[in-house]
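Structure first, commentary second.
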Amino acid sequence: MAHITVEQIREQLRCADADEFAVLERSLAADTRKGVRQAVSTARARLAAAAAEQERLASMYAFQEELMAEAGAASAVGLDEVGRGPMAGPLAVGAVVLPPEPRIKGLNDSKQLSEDARVRIAEAVKGAALAWSVQYVEAPQIDEMGISAALRCAFLRAIEAVEAQGVMPGLVLLDGNPLRLDARERSIVKGDARVAAIAAASVVAKVERDALMDELDRAYPGYGFAENKGYGTAAHRQAIRELGLSPVHRVSFCGEFTQASLF
């Protein structure tokens with residue numbers, strides 16, 4: 001294939017699937033051009049990464065199927081929280097019931113995804129889900145009941161919201177430590193990276209809460225909510241010193257600040 005330019009070979013390899021690559025690799029075995037060897041190596045790495053990603057995604061769905069089979073459940077709702085630790089904004093809990101197909105390409109723990117990927121995957125989850133919901137507990141309620149009780153409240157509401165959509169999951173899958181909220185409950189360590197429905201819940205909750213924090217940034221300018229999402233960055237803390245606390249700050253999380261609210 002020496003008569004074919006390096007750029008032509010590079011383009012063929014860039015678009016080749018695994019079977020096509022195997023044929024091309026054999027045909028290029030004797031081509032010693034540096035650009036060709038680099039293109040072959042790049043294509044091999046691309047296909048290896050794609051295969052690993054496919055295996056990772058399959059394992060998330062397979063593990064969920066195993067858990068459902070153990071429980072004798074025909075469906076499972078995955079739940080995950082976002083916003084446990086910020087100084088401002090609500091706690092959010094996502095709940096998602098996924099069918100076995102279609103598999104959501106790129107689905108992963110929301111913390112492992114870029115913002116653009118989260119938005120794209122959240123839309124895919126919503127389109128594929130049998131049911132989904134995001135439930136919030138606002139800052140004043142967090143101050144009143146404490147974060148642990150707020151978390152339990154949001155999880156229960158999220159389960160109820162899914163059931164109100166006509167889906168009665170036989171298994172309730174939580175990320176992390178058990179909450180003992182429901183007889184169907186099963187907690188999974190690092191579940192947002194291991195179980196498809198929990199990962200889906202983490203992504204949807206993150207995207208929905210981030211969008212809400214963008215709205216709060218417009219309602220309460222100066223705190224940088226669109227950037228910090230309510231977390232206690234240095235810039236956010238300085239803004240509190242200058243502006244005081246807003247109605248969406250969690251007073252119980254802001255004990256270092258004593259300046260009265262300006263709102």
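The figures here come from the full heavy-atom set of this structure, side chains too, leaving out hydrogens, waters and symmetry mates.
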Expected output: side-chain R209 to main-chain P90 donor-acceptor under 3.5 Å:
yes
The complete set of salt bridge (Lys or Arg N to Asp or Glu O under 4.0 Å) pairs with one or both residues in residues 79-88, sequence neighbours excluded, reads E81-R84
Main-chain N/O of V119 paired to E123 side chain as donor or acceptor, under 3.5 Å
no
Give me the atom names and distance for the closest heavy-atom approach of D143 to S252.
OD1-OG, 2.6 Å
Atom CD of E65: over 12 foreign heavy atoms under 6.0 Å
yes
Return the minimal non-hydrogen interatomic distance between A205 and V82, and the atom names on each side.
CB-CG2, 3.7 Å
Kindly give the heavy-atom pair with the smallest separation between A239 and G222, and that separation in Å.
CB-O, 3.4 Å
Can you give me the closest heavy-atom contact between G85 and Y231, atom names plus distance?
C-CE2, 4.2 Å
Is the backbone N or O of P178 less than 3.5 Å from a side-chain atom of E185, with the two atoms forming a donor-acceptor pair by type?
no
Full working for side-chain contact (heavy atoms from CB on, under 4.5 Å) between F225 and E215
CA-CA 9 Å; F225 291 150; E215 293 179 11; over 6 Å; no
Is L47 reachable from V40 through a run of hydrophobic residues whose side-chain heavy atoms are each under 4.5 Å from the next?
yes
Mind checking whether R186 and E70 have side chains closer than 4.5 Å, heavy atoms only?
yes
Determine, for D192 against K111, whether the closest basic-nitrogen to carboxylate-oxygen distance falls under 4.0 angstrom.
yes
Applying the 4.5 Å side-chain criterion to the ILVMFWY set and letting contacts propagate, would I159 and L171 be lumped into a single cluster?
no
Sub-4.5 Å side-chain heavy-atom contact between V137 and R157
yes
Atom pair CG (L156) and CG (L181), whose distance is rounded to the nearest 0.5 Å
4.5 Å
Judged by modelled atom types alone, do T5 and Q8 share a side-chain donor-acceptor pair under 3.5 Å?
yes
Is any side-chain heavy atom of I121 less than 4.5 Å from a side-chain heavy atom of I104?
yes
Looking at E55, I want to see if its CD is surrounded by more than 12 non-hydrogen atoms of other residues, nucleotides or ligands under 6.0 Å.
no
Could you check whether any side-chain N or O of S202 sits under 3.5 Å from a backbone N or O of S110, counting only pairs where one atom can act as donor and the other as acceptor?
yes
Is a donor on one side and an acceptor on the other found under 3.5 Å between the side chain of R184 and the backbone of P169?
yes
Reported CD1-to-OH distance for the pair I240 and Y223, which is rounded to 0.5 angstrom
7.0 Å
Side-chain atoms of residues 19-26: list all donor-acceptor pairs with protein atoms under 3.5 Å, sequence neighbours left out, distances to 0.1 Å.
from	atom 1	to	atom 2	distance (Å)
E20	OE1	D17	N	2.9
E25	OE2	R44	NE	3.4
E25	OE2	R44	NH2	2.5

Please tell me if the side chains of M60 and V195 come closer than 4.5 Å, counting only heavy atoms from C-beta onward.
no
Measuring from atom CZ of F63 to atom CD1 of I188, what distance do you get when rounded to the nearest 0.5 angstrom?
4.5 Å
Interatomic distance, M87 atom CE to E256 atom CD [nearest 0.5 angstrom]:
5.5 Å
Sidechain-backbone polar pair: R103 side chain, L57 backbone, donor-acceptor under 3.5 Å:
no
Sub-4.5 Å side-chain heavy-atom contact between I198 and L79
no
Taking it one step at a time, do F257 and R241 satisfy side-chain contact (heavy atoms from CB on, under 4.5 Å)?
CA-CA 7 Å; F257 302 102; R241 294 186 186 98; 3.6 Å; yes
In Å, rounded to the nearest 0.5 Å, how long is the span from CD1 of I4 to CD of E11?
13.0 Å
Any link between L216 and V251 through a network of hydrophobic side chains (Ile, Leu, Val, Met, Phe, Trp, Tyr) touching at under 4.5 Å?
yes
Give me the atom names and distance for the closest heavy-atom approach of V167 to A131.
CG2-CB, 3.8 Å
With side-chain contact (heavy atoms from CB on, under 4.5 Å) as the test, would you mind laying out the steps for D217 and M213 before giving the verdict?
CA-CA 6 Å; D217 182 66; M213 294 308 298; over 6 Å; no
Same hydrophobic cluster for L212 and W132, using side-chain heavy-atom links shorter than 4.5 Å among ILVMFWY?
yes
Do I142 and L91 make a side-chain contact, defined as non-hydrogen atoms from C-beta onward lying under 4.5 Å apart?
yes
Quick one: pull up CZ in R56 and CD in Q112 and give me the separation to the nearest 0.5 Å.
9.0 Å
Are V134 and F155 connected into the same hydrophobic cluster when the rule is that any two of I, L, V, M, F, W, Y join if their side-chain heavy atoms are below 4.5 Å apart?
no
Between R46 (side chain) and A16 (backbone), is there a donor-acceptor pair under 3.5 Å?
yes
Measuring only between side-chain heavy atoms, which start at C-beta, is I147 closer than 4.5 Å to R250?
yes
Can you list, pair by pair, the side-chain donor-acceptor contacts under 3.5 Å of residues 92-100, counting residues two or more places apart and other chains?
none

Heavy-atom closest contact (S133 atom, A161 atom, distance):
OG-CB, 3.3 Å
For H249 and Y220, I'd like to know if the aromatic rings sit close, meaning centre-to-centre distance below 6.0 Å.
no
Salt bridge or not for E53 and K105, using N-O below 4.0 Å?
no
Does D31 offer a backbone N or O that forms a donor-acceptor pair with the side chain of R37 under 3.5 Å?
yes
Lys/Arg N to Asp/Glu carboxylate O, K126 vs E208, below 4.0 Å
yes
Please lay out, stage by stage, how D210 and E115 fare under the test side-chain contact (heavy atoms from CB on, under 4.5 Å).
CA-CA 10 Å; D210 281 0; E115 182 177 357; 5.6 Å; no
Any sub-3.5 Å donor-acceptor pair from E138's side-chain atoms to V248's backbone N or O?
no
Please determine whether a side-chain nitrogen of the Lys or Arg among K229 and D214 lies less than 4.0 Å from a carboxylate oxygen of the Asp or Glu.
yes
